[in-house]
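Here's the structure, in structure tokens; my notes come after.
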Amino acid sequence: MTTPVPASLWHFLSREVALVCDASGTLTWMDERAARLLEAVPGQSLRALAAQGTEDKVDRLITLARDERVERWEAILCVGGVPRTFAFRGAPHEGSVALVGSLVPEDYADSLSQVSETMSELAALHRETERQQRELKRRADELTRLNRDLEESNRGVRTLHAELDEKTESLVRAAEIKSRVVANVSHEFRTPLHSILGLARLLLNPANGALSAEQQKQVQFIRSSGEALFELVNNLLDLSKMESGKATLRPVRFSASDFLGALRGMIRPLVLADSRVELRFEEPPADLALETDEAKVSQVLRNLMSNALKFTEKGHVTVSAERGPEDTVCFRVSDTGIGIAPEHQTHIFEEFTQVESPLQKRVKGTGLGLALSRRLAEFLGGSLTVQSAPGRGSTFTFTLPRVHPEVEEMLGMAERSQQLEPGRAPVLVLEDDRQTLFLYEKYLSRSGFQVLPVRTVDEARRTLQRVRPAAVVMDVMLEGETSWSFLSELKGNEATCDIPILVVTLMDREQKARALGADEFWLKPVGEEQLLRKLAEMARSGPVHKLLIIDDDDVHRYLLRQLLKDTPYVLSEAATGPEGIQLAREQLPDLIFLDFVLPDMTAFDVLDELKTDPRTRDIPVIIHTSHQLQEEERRRLEKGTSTILAKHKLSREVAITRIRDALHKTGLGTDAGESRRG
Ligand code: ADP
């Protein structure tokens, strides 16, 4: 905190005043203090400042100091209307008189009283400052205490967090164990259940010998109990798949109309001949087509319809499909059945929940159907809701994106991979899990690599026909197949054996992977930085070559680009000589295609520039020309370049062979696989 020094103290501290007068005693200049203390202004006569009756002393001072130096000349001037004695020193100064006056000691009494006044003001200030300091200290203490409290509660929160983390972890572990146990047990159940059901069916077949009426009834019971158990096991298995994130999406394109038609065929047998319930299907818009997992959509709707039929004794069950907002499709299953009270409407979606009712006792059910249906709906990016009132029937609405978001992303990804981007090295990624594919694409989208995503070995083979990747990232545990043989196929084939392969999978099969030729083996999950670093390292040893085309003709550049499409060469282009030289220095291409006739520089100039720079000196250059070269030109060019290529003779084969030859000469060339296609 700062306190202003009182004005009176300034008066005291600044005892000297400086003045300049002309020969007649008129003030021509004064310092700031003089102006303030004496309230003097230039043009005023010094005499006017003198205390009444002492004007002569001032006149005398001027007269004396005009000619010589004057010391300790006392004059009384008015300071704020009060006479004060000043001791002046004076001297002539360029025709004027310069004066410096200081208050003489007699006036100190007055000044002292001012000083003591000032001192008491200062003391008061000091006391105030001290008070403020005390207050500040009190506040600082309070803050320290608060801080301590905060730290303590922070520690508490941290401990709580750690406990929560631990609990979450053990819950996650428990959930994992649960779904693993459920999945295993369910699998184990299915085989004996199959046998029981098969045997029951055999027993019931009259061709295998007649049963007594009682026996037949008993076997019927075995069969229906077996079927109920089978449904339970299947539902449990599906649920555990959903929970463990192992469910896979198998999207197909299908029309809503065909879909409902097929559904009708499946459900109709469930409606008994003597039923008082009518099954109605509303015709959906003819052009409504979906692209999602049809089997899962069907599973949800079959469930809803079977419930609707179970809980409706008379009236109708209606199924419809229509367009919803934001490119969604709304399936509705409504019935005129017993309905569901509001308090049960959330619980029915929980596992093993059934609503007590006389009807409930008569129908079969596991209490898993709706839980599973909601999970399925969410898996498809949609939702499942109910509107119902007891006695008035229920309407279940299943809304889902018309095109599954992953399908859209996948399409985008596949499209992006169709077009090879110059300047980015293609990486073939064989991975059946879409999420992982997306992740890889996201990681690599910010790098110098371009993902070519494939989900099956067949697709991978097809892509390899088209492109030679800088590296392959592959999972070996694909759904429905393994890709071990593909790995050995790649490594066993002369054309592909030098493509570096990174195997990334869920189980530790490193030995096998390495034995089959994998260059690297990793367990999932893979981090972005780790992947990029490895790919950069692997691709460096790989055969991707950077080519620079320097040609002012757009058409020729385009042609060359087309000819070299889907080769391992990554192209960059320059339309002028200087631009080309600059790109060559920046990118250090493995080879340069140089047009002989450039508008701004001759090919000789460009070559000279390239040869004088140690960075670009050894880059092989293919001269590309539509010109009939003079013998002299040809000889000169041949010295600095690898090949001279006539534009009109250029074909894919010729281009690739020349490039390969040129690269071979520099020791860069491997048989980059073009021969397979060329
Ligand atoms: P369940 O195998 O018992 O049908 P669900 O999870 O499919 O199991 O359904 C849970 C419960 O929700 C059913 O037991 C029933 O009580 C109630 N419910 C489901 N659908 C309907 C419906 N359309 N009308 C009335 N109640 C229904």
Side-chain angles (χ1 to χ4, degrees), residues 182 186 189 193 224-243 247 260 263-264 266-272 275-282 295-321 330-380 382-400:
V182 170
S186 310
F189 271 153
L193 266 175
S224 62
S225 306
E227 276 169 356
L229 195 54
F230 198 62
E231 189 191 329
L232 173 71
V233 166
N234 278 342
N235 279 347
L236 270 178
L237 204 55
D238 284 346
L239 258 177
S240 83
K241 249 199 207 165
M242 290 282 159
E243 272 181 14
L260 288 192
L263 205 60
R264 187 195 315 218
M266 272 188 263
I267 292 294
R268 206 177 270 145
L270 296 185
V271 187
L272 302 173
S275 170
R276 289 190 292 157
V277 183
E278 187 196 345
L279 186 56
R280 297 179 183 166
F281 276 83
E282 283 177 10
K296 291 194 172 63
V297 180
S298 170
Q299 199 176 350
V300 174
L301 284 171
R302 276 191 323 242
N303 228 328
L304 297 178
M305 288 166 73
S306 122
N307 276 350
L309 289 169
K310 275 197 299 192
F311 296 103
T312 308
E313 287 182 300
K314 71 174 200 293
H316 49 82
V317 168
T318 309
V319 186
S320 67
C330 276
F331 287 100
R332 275 200 190 85
V333 178
S334 45
D335 62 54
T336 53
I338 59 169
I340 305 155
E343 66 269 26
H344 294 132
Q345 288 177 9
T346 43
H347 300 304
I348 52 169
F349 291 101
E350 290 163 11
E351 290 150 33
F352 300 110
T353 309
Q354 295 180 322
V355 183
E356 287 281 329
S357 77
L359 192 54
Q360 182 81 62
K361 295 200 177 66
R362 279 186 274 137
V363 296
K364 283 196 289 183
T366 59
L368 285 177
L370 286 179
L372 177 60
S373 299
R374 184 168 263 184
R375 292 286 175 93
L376 285 166
E378 285 163 1
F379 179 77
L380 297 176
S383 63
L384 177 60
T385 55
V386 66
Q387 271 184 318
S388 182
R392 306 250 297 275
S394 317
T395 298
F396 283 84
T397 308
F398 168 29
T399 309
L400 76 164

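Numbering starts at 1 and runs along the sequence shown. These numbers were taken from a predicted model, which means no experiment stands behind them. Both counts, for ligands and for their atoms, begin at 1 and track the order of listing.
In terms of protein heavy-atom proximity, atom 1 (P) of ligand 1 is nearest to Gly367 N, 3.5 Å. Atom 2 (O) of ligand 1 has as its closest protein heavy atom Thr366 N, 2.8 Å. Of all protein heavy atoms, the one closest to atom 16 (O) of ligand 1 is Gln360 OE1, 2.8 Å. Closest to atom 13 (C) of ligand 1 among all protein heavy atoms lies Phe311 CZ, 3.7 Å. Atom 17 (C) of ligand 1 has its closest protein heavy atom at Ile348 CG2, 3.8 Å. The nearest protein atom to atom 6 (O) of ligand 1, hydrogens excluded, is given as Leu370 N, 2.7 Å; this is a heavy-atom distance. Counting protein heavy atoms only, atom 3 (O) of ligand 1 is closest to Gln354 NE2, 2.7 Å.
Side-chain contact between Val333 and Thr318 is absent, with no heavy atoms from C-beta onward closer than 4.5 Å. You'll find the side chain of Arg375 stays beyond 4.5 Å of the side chain of Lys296, heavy atoms only.
Backbone and side-chain nitrogen or oxygen atoms of Ala371 are examined, and none is located within less than 3.5 angstrom of a nitrogen or oxygen of ligand 1. Polar contact with ligand 1: absent for Phe396 (N/O pair, distance under 3.5 Å). Below 3.5 Å of separation, one finds an N or O of Asn307 facing an N or O of ligand 1.
Between Leu309 atom CG and His316 atom NE2 the span is 12.5 Å, to the nearest 0.5 Å. The distance from atom CD of Gln387 to atom OG of Ser334, rounded to the nearest 0.5 Å, is 10.5 Å. From His344, atom NE2 reaches atom CD of Glu356 across 8.5 Å, with rounding to the nearest 0.5 Å. Atom-to-atom distance recorded for Ser373:OG and Leu304:CG is 5.0 Å, nearest 0.5 angstrom.
Counting heavy atoms under 4.0 Å from ligand 1, residue Thr353 touches it through the backbone alone. When heavy-atom distances to ligand 1 are checked against a 4.0 Å cut-off, Leu304 has no atom that comes that close, whether in backbone or side chain. When heavy-atom distances to ligand 1 are checked against a 4.0 Å cut-off, Ile340 comes that close only through its side chain, counted from C-beta outward.
Side-chain contact, Arg302 with Ser306: no donor N or O sits under 3.5 Å from an acceptor N or O.
Listed by number with element, the atoms of ligand 1 under 4.0 angstrom from any heavy atom of Leu368 are 6 (O), 8 (O). The ligand atoms of ligand 1 that sit less than 4.0 angstrom from a heavy atom of Asp335 are 22 (C), 23 (N). When each atom of ligand 1 is checked for a heavy atom of Val355 under 4.0 Å away, the hits are 16 (O).
Contact check on Glu278 versus Arg280 returns a salt bridge, with a Lys/Arg side-chain nitrogen under 4.0 Å from an Asp/Glu carboxylate oxygen.
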- Message: Could you go through Leu370 and Asn303, starting from their C-alpha distance and side-chain angles, then the distance that decides it, and tell me whether this counts as side chain to side chain contact (heavy atoms under 4.5 Å, CB included)?
- Response: CA-CA 7 Å; Leu370 286 179; Asn303 228 328; over 6 Å; no
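Ligand 1 has Lys310 within reach: a non-hydrogen atom of the residue lies less than 4.0 Å from it.
Scanning both residues, Glu351 and Leu239, for their nearest heavy atoms gives CG-CD1, 3.9 Å. Across Gln299 and Asp238, no two heavy atoms sit closer than the pair NE2-OD2, 2.7 Å.
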